[in-house]
> 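Below is the structure I would like to discuss, written out as structure tokens.
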Amino acid sequence: MAEKISVLISEEDVDKRIQEIGEQISKEFEGQEVHLICVLRGGSFFMCELAKRITVPVTLDFMQVSSYGSETKSSGVVKIVKDLDDPVNDKNVIVVEDIIDSGRTLSYLLEMIRKRGPKSMTLCTLLDKPERRVVDVHVDYTGFEIPDKFVVGYGLDYDQRYRNLPYIGVVELEEES
């Protein structure tokens with residue numbers, strides 16, 4: 001099968017929305033510093049663009065997790081592949097995700113970070129698929145709510161490809177002739 005990618009959200013719309021989120025964060029944290037935690041790998045593209053648009057002081061850290069289970073579903077058991085390099089106690093933490101769907105892994109991750117004593121903790125995602133939510137996760141900053149489609153671009157991948165697309169696209173599998 002071959003893949004066809006159709007544009008769901010244009011590069012211009014993504015850029016405009018990230019600017020708006022950056023302005024909102026800057027206003028809400030005026031006079032303070034924020035500590036962005038990127039959930040790797042997909043979130044890195046979004047976090048870098050977001051950080052450039054935040055006008056208050058910003059520090060960055062990265063975390064990578066994986067959930068184990070059957071081939072298609074998370075078991076809810078989360079393995080920390082790469083933990084944070086810096087402590088988060090007394091920091092204004094913003095966890096940055098590329099996409100939120102079921103919420104299982106993210107819920108576990110947020111609770112783990114919360115136990116480390118941040119001053120405040122908020123969640124920012126570029127894309128949200130509320131139809132897929134299994135665990136309730138409060139999202140403070142959302143770029144776009146999208147339908148339950150398989151999407152790529154802006155850090156999101158299909159078999160490690162298409163992360164570098166400057167827009168959000170929908171993957172459609174086509175029969176090869």
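Sequence positions, counted from 1, serve as the residue numbers for this chain.
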> Closest heavy-atom contact between Ser120 and Asn92?
OG-OD1, 2.8 Å

> If you draw a 6.0 Å radius around CG in Asp136, do more than 12 non-hydrogen atoms from other residues or ligands fall strictly inside?
no

> Starting from the C-alpha separation in whole Å, work towards a yes-or-no answer on side-chain hydrogen bond (donor to acceptor under 3.5 Å, both in side chains) for Gln24 and Glu20.
CA-CA 6 Å; Gln24 184 181 355; Glu20 291 168 355; over 6 Å; no

> First locate atom OH of Tyr141, then atom CG of Leu126, and finally report the distance between them rounded to the nearest 0.5 Å.
15.5 Å

> In Å, rounded to the nearest 0.5 Å, how long is the span from CD1 of Ile113 to CG of Leu123?
9.5 Å

> Tell me whether Leu60 is reachable from Phe29 by hopping between hydrophobic residues (I, L, V, M, F, W, Y) whose side-chain heavy atoms are closer than 4.5 Å.
yes

> Could you measure the distance from the CZ atom of Phe45 to the CG atom of Leu156? Nearest 0.5 Å is fine.
9.5 Å

> Just one of Val170, Ile168, Ile9, Asp128 clears the side-chain contact (heavy atoms from CB on, under 4.5 Å) bar with Ile146, so which one?
Ile9

> Check Asp83 with Arg116, please: is the shortest side-chain N to carboxylate O separation under 4.0 Å?
yes

> I need the minimum non-hydrogen distance between Gly43 and Cys38, along with the two atoms involved.
C-SG, 3.3 Å

> Rounded to the nearest 0.5 Å, how far does NZ of Lys82 lie from CE of Met63?
8.0 Å

> Between Glu30 and Lys27, does at least one N-O distance fall below 4.0 Å, as a salt bridge requires?
no

> Is the backbone of Ser26 close enough, under 3.5 Å, to the side chain of Thr55 for a donor and an acceptor to pair up by distance?
no

> Report yes or no: do Ile25 and Val139 belong to one cluster of Ile/Leu/Val/Met/Phe/Trp/Tyr joined by side chain heavy-atom distances under 4.5 Å?
no

> Taking all atoms of both residues into account, what is the closest heavy-atom pair of Lys129 and Arg133, and its distance?
O-NH1, 3.7 Å

> List the atom of Arg163, the atom of Gly155, and the distance in Å for their closest heavy-atom pair.
NH1-O, 2.6 Å

> Give the C-alpha distance, both sets of side-chain angles, the deciding distance and a yes or no for side-chain contact (heavy atoms from CB on, under 4.5 Å) between Thr122 and Glu28.
CA-CA 11 Å; Thr122 54; Glu28 290 176 15; over 6 Å; no

> Does one hydrophobic cluster hold both Phe62 and Leu50, with members joined at side-chain heavy-atom distances below 4.5 Å?
yes

> Under 3.5 Å, is there a donor-acceptor pair between the side chain of Asp61 and the main chain of Asp86?
yes

> Looking at every heavy atom in both Gly169 and Ile5, which two are closest together, and how far apart are they?
CA-CG2, 3.9 Å

> To the closest 0.5 Å, what do you measure between CZ (Phe144) and CZ (Arg17)?
7.0 Å

> Charged N to carboxylate O below 4.0 Å: is that the case for Asp98 and Arg41?
no

> Quick one: are Glu111 and Arg114 in side-chain contact, heavy atoms under 4.5 Å?
yes

> Check the surroundings of atom NZ in Lys149: do more than 12 heavy atoms from other residues, nucleotides or ligands lie under 6.0 Å from it?
no

> Evaluate Val151 against Val171 for side-chain contact (heavy atoms from CB on, under 4.5 Å), listing each step before the verdict.
CA-CA 6 Å; Val151 292; Val171 176; over 6 Å; no

> Please answer: with hydrophobic residues joined when any side-chain heavy atoms are less than 4.5 Å apart, are Leu8 and Phe46 in the same cluster?
yes

> Check for me, please, whether Val88 and Leu110 land in the same ILVMFWY cluster - side-chain distances under 4.5 Å, paths through other members count.
yes

> Kindly compute the distance separating CD1 (Ile21) from CD (Glu49), expressed to the nearest 0.5 Å.
12.0 Å

> Which atoms form the tightest heavy-atom contact between Phe150 and Asp157, and what is the distance?
CZ-O, 3.6 Å

> Decide yes or no for Lys52 and Val58: does some side-chain heavy atom of the first lie under 4.5 Å from some side-chain heavy atom of the second?
no

> Apply the test side-chain contact (heavy atoms from CB on, under 4.5 Å) to residues Ile94 and Met47: give CA-CA distance (whole Å), side-chain angles for both, the deciding distance (0.1 Å), then the verdict.
CA-CA 10 Å; Ile94 302 175; Met47 185 175 80; over 6 Å; no

